[in-house]
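Here is the structure we will look at, set down as C-alpha cells.
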There are 2 protein chains.
Amino acid sequence: MSGTEVSSVSGWAKRCFFAGRALMDKTLRPHDLGSTQWYVLWQLATNGPTAQRDLVRILDLERATLSGVVATLVRKGLVDQSASGKDQRQRTLQLTEAGKKLWSELPDLHFIQDAAFSGIDPADLAIAIRVLQTATGRLQDLLGKGTE
Amino acid sequence: MSGTEVSSVSGWAKRCFFAGRALMDKTLRPHDLGSTQWYVLWQLATNGPTAQRDLVRILDLERATLSGVVATLVRKGLVDQSASGKDQRQRTLQLTEAGKKLWSELPDLHFIQDAAFSGIDPADLAIAIRVLQTATGRLQDLLGKGTE
DNA sequence: CTCATTTCGTTAGGTACCAAACAAATATGT
DNA sequence: ACATATTTGTTTGGTACCTAACGAAATGAG
C-alpha cells in the first residue's frame, strides 16, 4: 500500500497477508507447490473426495480461479478430476496415489500461524478479527450494490 | 483462506484486503486502470516526478513488479519514463499530459476507506493495526532468516 | 413436452504479485 | 587502475486472482 496508508488497517492487512503467503510459498517451493494448491490438497486429504463446486465455497474462490488451480494439480498428477455419476456437469476431485504420497511428505505449515499470532492477547486477536470482519462486510455490501 | 482459518486473523486479513481491492478495481475499471497503476499515478500527481527506485520503497513492491506496472502505464501514454541525468541506471517517472488529464477525471477513492472503517472505535482500530503489525514483523523475520 | 433459466466448468484476456537470472552502470577495495 | 561488488531496471516463467463470455447439462414454468 502507498505512503498515505502506511499506518492504516488495510495497509497492514495487505502486508500481513502477503507476508504469510510468502512464508507459505517459500516453505512449499521445494515441493513445487503453490499456497492455493496446498489448500486444495489439504481439503482432499482431510475430508476426502470433494465436488469441485463445493470447493469453490470452501476455499472462497471464483469458479474460474479454482478451475485453473485444479488443472495444474491434474497436470502434475496429484489430483484426479472425474465426472460425478449423477449430475454430468459436476466434477469430483480426489487425491491420486502420487497426491497422497506427496501430502504425507509435506511439512506441517502450522508453524506459520503460530509464529505470527502466538502470545498475542486473545482479546486483542478477537478485536482485530471483529474489525476486519466488519470492514469486509461493509466493502462486500458496497460491491454487491453496483451489481444488482 | 480455507475452512480451518475461517475465523482467523489471517483469513480475515485476506478477505478484507481482497474486498477493498475489488471495490477499487471496480471503481477504476471504467477508466481502464488497475489498483496498483492508480497508486503510481497518485504518487506522481501528489509528489511530482519520482525516481523509479524510490517508488519501489514507497509502494512496497518488488522491482520486477513495478517494472511491469510502469511498462503498462507508459504503453497507455499516461507516464513518461526517462533516464535521469546523473546516474544512467536510474529512471525518473512523471505524468504525461494525458496522465494529468486522466488523473483529474478520476473519482475520489477515499469513500472506500471511509466505508470500511468509519464509526469503528479508534481504540479498536489501533489494536487491529498493532496485531497485524506484530504478526507481519514476525513473519518477515522468519522469511529473512532462511535467506541469510 | 418445450423453452427459458440456472448451474457448473472452461477459456480468454488482464492485473498484480514473486523469484531467478541477466545486462549495464556505478561504487568500492586494494 | 582494475577487478570485484552493488545497484537499477528488465526479462522470463510461474502463481493466484478477477471479469466476461461460452457450452453443456439440469431444472423449472407454462
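Order of the sequence lines fixes the chain letters, A, B, ..., with proteins taken first and strands second; residue numbering starts at 1 for each chain.
- In this structure, B/D32 and A/G68 both approach DNA chain C, and ranking their closest nucleotides by distance from the 5' end singles out A/G68.
- Two residues are said to be in side-chain contact when any heavy atoms from C-beta on lie closer than 4.5 Å; A/R15 and B/L132 fail this criterion.
- Phosphate contact (OP1/OP2 of D/dT10, side-chain N/O of B/S67, threshold under 4.0 Å): present.
- In this model, the phosphate group of D/dG23 is not approached by any side-chain N or O of A/Q88 to a distance below 4.0 Å at OP1 or OP2.
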Pairs under 3.5 angstrom, nitrogen or oxygen only, protein versus nucleotides 6-8 of chain C, please.
{"unit_1": "C/dT7", "atom_1": "O2", "unit_2": "A/R89", "atom_2": "NH1", "d": "2.8"}
{"unit_1": "C/dC8", "atom_1": "OP1", "unit_2": "A/R53", "atom_2": "NE", "d": "3.3"}

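- In this structure, the CE atom of B/M24 is 10 Å from the P atom of C/dC17, given to the nearest Å.
- Note: NZ (B/K26) to C1' (D/dC18) measures 13 Å, nearest angstrom.
- For the pair B/K14 and D/dC17, the criterion of a side-chain N or O lying under 4.0 Å from OP1 or OP2 is met.
- The main-chain N or O of B/S118 is found under 3.5 Å from a side-chain atom of A/R138 such that the two form a donor-acceptor pair.
- Base engagement by A/A64 is indicated by at least one non-hydrogen atom pair under 4.0 Å involving a base atom.
- Contact annotation: the side chain of B/L109 approaches that of B/L28 to within less than 4.5 Å [non-hydrogen atoms, C-beta and beyond].
- Protein atom CZ of A/R29 is 17 Å distant from nucleotide atom P of D/dG13, rounded to whole Å.
- Taking atom CG of A/L59 as the reference point, atom P of C/dG9 lies 13 Å away to the nearest angstrom.
- Inter-residue side-chain proximity for B/W38 and B/L106 is flagged as met; some heavy-atom pair is nearer than 4.5 Å.
- For C/dA16, one of the phosphate oxygens OP1 or OP2 lies less than 4.0 angstrom from a side-chain nitrogen or oxygen of B/Q37.
- Within the structure, a side-chain polar atom (N or O) of A/T65 is placed less than 4.0 Å from OP1 or OP2 of D/dC18.
- For the pair A/L78/A/V40, no side-chain contact is recorded, criterion being any heavy-atom separation below 4.5 Å from C-beta on.
- Considering only side-chain N and O atoms, B/S35 lies nowhere under 4.0 angstrom from the phosphate OP1 or OP2 of C/dT15.
- Between B/E97 and B/K101 there is no salt bridge, since no side-chain N of the basic residue sits under 4.0 Å from a carboxylate O of the acidic one.
- Whole-Å rounding puts the A/D60 CG to D/dC18 P distance at 8 Å.
- At whole-Å resolution of the value, CG in B/L93 and P in D/dG9 are 8 Å apart.
- Between A/V9 and B/I129 the shortest heavy-atom distance is CG2-CG1, 3.6 Å.
- Listed nucleotides: C/dC17, C/dG9, D/dC17. Nearest to the side chain of B/R21: C/dC17.
- Along DNA chain C, the nucleotide closest to A/V70 and the one closest to B/L33 are compared, and the more 5′ of them pairs with A/V70.
- Each of A/T36 and B/L66 was matched to the nucleotide of DNA chain D holding its nearest heavy atom; the match closer to the 5' end belongs to B/L66.
- Between the CG atom of B/L28 and the C1' atom of D/dC18 there is a distance of 14 Å, rounded to whole Å.
- Counting all heavy atoms, side chain and backbone alike, B/W103 lies closest to B/W42 at CH2-CA, 3.4 Å.
- Taking atom CZ of residue A/F18 and atom C1' of nucleotide C/dC18, one finds them 9 Å apart after rounding to whole Å.
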